[in-house]
Amino acid sequence: MPDTATMEAIVSLCKRRGFIFPASEIYGGLNGFWDYGPLGTALKNNVRDAWWHDMVDCPPDGPDGQPVSIVGLDSSIIQNPRVWEASGHVGGFNDPMVDCRESKARYRADHLGFLGRKGDTTGQFFAFVSGDDSSMSKARKKLEKYVKAKLSDDDLDFCGIESMTTARLAITVGPDAKEAGTLTEPRQFNLMFKTYVGALQDEDAAAYLRPETAQGIFLNFKNVCDTSRVRVPFGIAQIGKAFRNEVTPRNFIFRSREFEQMELEFFCHGDDAPKWYEFWCETRKNWWGTIGVKNDNLLLRSHDSDELAHYAKDGCGTFDVEYRFPFTAPGYGELEGVAHRSNYDLSQHAQHAGAKLEYFDQERNERYLPHVIEPSAGLSRGVLAVLCEAYTEDPDRPSGVYMKFHPRVAPIKAGIFPLVNKDGLPEIASAIHRELRGKYRLEYDPKQSIGKRYARMDEAGTPFCFTVDAGTLETGNLTVRHRDTLAQESVNKDQVGNFLEDQLG
Ligand code: GAP
């Protein structure tokens, strides 16, 4: 069952502890936009840095046992608008939408479900938003009221938009409507945000906010080849914002209108693409474990043929790394896609821009457009998976909950506290803090009861808390408390750096 209570608790903790706030909250917010607070920013930066470290600075060994070659890039959010014609986004980046004439709501057609009474071909249908429990139970209640009977699961007929003919839509009540026949047929809707470059706001000045970071990489493929010592196979990585005017932003930061992606375009010879595809699917699924997302909550799922993006190569296609989010459980939701884009993008840009983008492979003595394997991860969605994974209820703690972040991504690595804010204890604690803060993100907090300070650190997901007490003045030893086990041990004040080095690396 979808665990809505857990999701509500996570969203509330994120707000209360300063991980994530609704954007422009004091003006009532703006649907699909979020701001990251102090802890959220640190968490997001840690996920981002872990990805960059493992993909660019210290990439994994490839199928031949040698480290793969990956370089970084930071391209513009706004590019020449012809880029998006060539990439297929202007023509193809559409979701079929259904509007409701009565409620004025707009729904993604493939997110609508329909409910009728089994065997009743002329009676009304009732639409609901799939994955939204309250919408579904509302539709069921409306159906029961309509047939004037309580219905069991076996009495119900469920279907998707593909089974809804014009005649059926005419007798369907929308999810937020009272009358039947107010839903339109599905229509295309472009997801790109449009803006204007320069003083004049006419079509010649129109431009788009990028809907993916990937195209900036394809545009710079030749620049990178000409200026770096890269040889195919190699990858170009980029992390940055992407914008999509999603019709139904929902589930906190899972589907938002402004979000961040961590994308790798890995260029290889077409013959080697299946080998690299397999390599990246496996490598990327395993990577999430290095930041604490457990394997049992992850799934590698092949896209069905009707889900493939316009660039995905037949036969190789796309795999999604999926995570069991509380709102999808027991099912899974997409965290990252690994696509075989063939040489679609480079050939489209070569054609539309009239540019020579072919690569000369000296070893093969062959000129060709490389194929691309693209692991494309959501940074914002990654942060959500990390938050969901870390959220742990524990009624025995004063906070009732703690965030079990992997130390690699924990926003604060350790708290340093004097037991009381007097008697020379703050001086010792703040000296330790000053000595180590350049190396680790630490929090020095001399105020409140020690229980309250531990509770705050539990909610922030801080793996260790060091407490200086009267004994420290005599022996030099302080107490370290482990977040997950609540075990306490003694460490000399001169060994705090070594302790953190051992635990955090
Ligand atoms: N360049 C390929 C590409 O953009 P995608 O599957 O559309 O592929 C990749 O997006 C990843 O970006 C997704 O797996 C997801 O993690 C993230 N993502 C996509 N749309 C998003 C949205 N509206 N909000 C948050 N994350 C999103």
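Both counts, for ligands and for their atoms, begin at 1 and track the order of listing. Small disclaimer: the values here were computed from a predicted structure and weren't measured.
Not a single heavy atom of Met262 sits under 4.0 Å from any atom of ligand 1. Contact annotation: Ser256 has at least one heavy atom less than 4.0 Å from an atom of ligand 1.
A donor-acceptor pair is defined here as one N or O able to donate and one able to accept, closer than 3.5 Å; such a pair exists between the side chain of Arg324 and the backbone of Asp296. The backbone N or O of Ser256 sits nowhere less than 3.5 Å from a side-chain atom of Glu246 that would complete a donor-acceptor pair. Side-chain atoms of Trp34 come within 3.5 Å of backbone N or O of Phe252 as a donor-acceptor pair. Looking only at distances, no side-chain donor or acceptor of Arg108 sits under 3.5 Å from a matching main-chain atom of Thr248.
The contact set between ligand 1 and Ala214, taken as ligand atoms under 4.0 Å from a residue heavy atom, comprises 1 (N). The Glu336 neighbourhood of ligand 1 comprises atoms 14 (O), with distances under 4.0 Å to a heavy atom of that residue. Counting atoms of ligand 1 from 1 in the listed order, those under 4.0 Å from a heavy atom of Glu374 are 1 (N), 2 (C). In summary, the atoms of ligand 1 found under 4.0 Å from a heavy atom of Gly337, numbered by their order in the structure, are 14 (O).
With a 4.0 Å heavy-atom cut-off, ligand 1 is reached by the backbone of Leu335 but not by any atom from C-beta on. If you look at Glu263 next to ligand 1, the close heavy atoms, those under 4.0 Å, all belong to the side chain.
Counted by atom type alone, Tyr36 and Asn45 present zero donor-acceptor pairs between their side chains at under 3.5 Å.
Partners of Leu369 under the side-chain contact (heavy atoms from CB on, under 4.5 Å) rule, at least two apart in sequence or in another chain, are Asn343, Leu346, Ser347, Leu357, Glu358.
For atom 14 (O) of ligand 1, the candidate residues are Glu334, Arg341, Arg255; the nearest heavy-atom contact is made by Glu334. Nearest to atom 7 (O) of ligand 1 by heavy atom, out of Glu212, Glu246, Arg244, is Arg244.
In terms of polar-atom proximity, Phe259 is not counted as a contact of ligand 1, lacking any N or O under 3.5 Å from an N or O of the ligand.
Screening residues 50-74 for side chain to side chain donor-acceptor pair (under 3.5 Å) gives Asp54-Trp287, Asp54-Arg408 as the qualifying pairs, with residues at least two apart or on separate chains.
Taking the six-membered ring where the residue is Trp, Phe193 and Phe33 present tilted rings, their angle falling between 30° and 60°.
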